[in-house]
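Read the structure below first, then the notes.
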Amino acid sequence: METPSGASSSADPSLTYDNTGYEGTAAEDEGGFLPPPMPSPPPQPETQPSHPNWNIPSLSEDAARQAFVEYASDKCCFGSRPAEEGKITNMEAFNTYRVNKSTPVAWQHLGLGTLTNNKEEHTVEQSSGLKMRKLDKVPGNELFKDSRYMVRPVVNFPDPTVVETSKRLVREHQAKYSKTSRILQQRQTIELLPITKVTYEWRGESNVFFVYGRDLKVSAVDYPAACCGCCCSVM
């Protein structure tokens, strides 16, 4: 897989949505605004637009090695020669995605209005061998953002698992909050979490390290030149 070259600061026009219900909502002549329209059932798109040109460049060998060397240099008990001199024999991308959904709502209790922002995120599973918990605090590259009164599920994202996740989160938020509170606005984002599994040889043995996240963090559990019982921790 490759990674989109840039993040979108607004909803991608090639993704399918329905804007019905916004006509005439601004009461400009009266100097105010009407409340947002009531939600309607999500329409089924008649056709899906062709995929945009994602232009997804993979991680280069030079970038992977540089991240590996910096990782080894930061460890007080690691020798740097495996990172500097190891022969990279294979690089494989296992990019995954994080879908975020938030719904600010207004609740009415004993005549007092209460505002809450309900957030949920889901990271799509990947099979690289990197532990999923490594991705919990790692920033990703924002590929898509949509903010409006009622967001619609993404229907033509290249990864079908992301499409299903988007549908589930939208469905659950609408079912949970539309009946018991007043939805003020919803927001949905999709982040790319790049993961590259790198295989390299050092002194006749094959080893693996991972480069992951927007900031190119490294995990190398079997680093061959680590001292035993030292205070350094292997990320």
> How far does OG1 of Thr161 sit from NE2 of His122, to the nearest 0.5 angstrom?
Replying inline: 8.0 Å
> What heavy-atom pair brings Ser60 and Met91 nearest, and what distance separates the two atoms?
Replying inline: O-CE, 3.8 Å
> Do Thr196 and Glu92 get their side chains close enough for a donor-acceptor pair, meaning under 3.5 Å?
Replying inline: no
>> So, taking the atom named OG in Ser102 and the one named CG in Asn117, what distance separates them when rounded to the nearest 0.5 Å?
In response: 5.0 Å
>> Tell me if a side-chain donor or acceptor on Arg65 pairs with a main-chain N or O of Gly86 at a distance below 3.5 Å.
In response: yes
> Roughly how far, to the nearest 0.5 Å, is the CD atom of Glu121 from the CG atom of Asp136?
Replying inline: 7.5 Å
> Which atom names give the shortest non-hydrogen contact between Val138 and Leu193, and what distance separates them?
Replying inline: O-CD2, 3.9 Å
>> Determine whether Arg152 and Val170 satisfy the following criterion, side-chain contact (heavy atoms from CB on, under 4.5 Å), listing intermediate values before the conclusion.
In response: CA-CA 7 Å; Arg152 301 299 187 189; Val170 168; over 6 Å; no
> Looking at side-chain heavy atoms only, is the closest gap between Ile190 and Phe157 below 4.5 Å?
Replying inline: yes
>> When you measure from the side chain of Asn118 to the backbone of Thr103, do you find a donor-acceptor pair of N or O atoms at a distance under 3.5 Å?
In response: yes
> Is the closest basic N to carboxylate O distance between Glu164 and Arg168 below 4.0 Å?
Replying inline: no
> Is Glu142 reaching over with its side chain to a backbone N or O of Phe144, donor-acceptor style, under 3.5 angstrom?
Replying inline: no
> For the side chain of Gln186 and the backbone of Val151, is there at least one donor-acceptor N/O pair under 3.5 Å apart?
Replying inline: yes
> Looking at OH of Tyr97 and OG1 of Thr165, how far apart are the two atoms once the value is rounded to the nearest 0.5 Å?
Replying inline: 12.0 Å
> Shortest non-hydrogen contact from Asn95 to Pro194?
Replying inline: OD1-CA, 3.3 Å
> How far apart are the closest heavy atoms of Pro153 and Lys167, and which atoms are they?
Replying inline: CB-CG, 3.7 Å
> At their closest point, which heavy atom of Leu169 faces which heavy atom of Lys101, and how far apart are they?
Replying inline: O-NZ, 3.9 Å
> Considering all heavy atoms of both residues, which atom of Asp222 and which atom of Val208 are nearest to each other, and what is their separation?
Replying inline: OD1-O, 3.0 Å
>> Quick check for you: to the nearest 0.5 Å, what is the distance between Gln188 atom CD and His173 atom NE2?
In response: 10.0 Å
> Can you get from Tyr177 to Tyr149 by hopping between Ile, Leu, Val, Met, Phe, Trp and Tyr side chains that sit under 4.5 Å apart?
Replying inline: yes
> Under a 4.5 Å cut-off applied to non-hydrogen side-chain atoms, are Lys197 and Phe210 in contact?
Replying inline: yes
> Between Arg148 and Asp146, is there a side-chain N and carboxylate O pair less than 4.0 Å apart?
Replying inline: yes
> If you group Ile, Leu, Val, Met, Phe, Trp and Tyr by side-chain heavy-atom gaps below 4.5 Å, do Val99 and Val163 land in one group?
Replying inline: yes
> Would a distance-only check, ignoring hydrogens and angles, find a side-chain to backbone donor-acceptor pair under 3.5 Å from Asp215 to Lys217?
Replying inline: no
>> Checking Glu191 against Asn100: is there a side-chain donor and acceptor pair closer than 3.5 Å?
In response: yes
> Out of curiosity, does Leu216 fall in the hydrophobic cluster containing Val198 (side-chain heavy atoms, cut-off under 4.5 Å, transitive links)?
Replying inline: yes
>> Quick one, Ser206 and Thr199 - any side-chain contact, counting heavy atoms below 4.5 Å?
In response: yes
>> Main chain of Trp107, side chain of Ser181: is a donor-acceptor contact present, judged purely on distance under 3.5 Å?
In response: no
> Taking the side chain as C-beta and beyond, is there a heavy-atom pair between Tyr212 and Leu135 under 4.5 Å?
Replying inline: yes
> Could you state the interatomic distance from NZ (Lys119) to OG1 (Thr116), rounded to the nearest 0.5 Å?
Replying inline: 11.5 Å
> Do the side chains of Ile88 and Trp202 join up, straight or via other hydrophobic residues, at under 4.5 Å, putting them in one cluster?
Replying inline: yes
> Does the side chain of Met132 come within less than 4.5 Å of Glu125's, by heavy atoms?
Replying inline: yes
>> Using a strict threshold of under 4.0 Å (side-chain N to carboxylate O), is an ion pair present between Lys176 and Glu172?
In response: no
> Is the distance between the ring centroids of Phe209 and Tyr223 less than 6.0 Å?
Replying inline: no
> Less than 6.0 Å separating the ring centroids of Tyr200 and Phe68?
Replying inline: yes
>> Between Pro224 and Glu205, is there a side-chain heavy-atom distance shorter than 4.5 Å?
In response: no
>> Determine whether a donor-acceptor pair (N or O, by modelled atom type, separation under 3.5 Å) exists between the side chain of Ser166 and the backbone of Val162.
In response: no
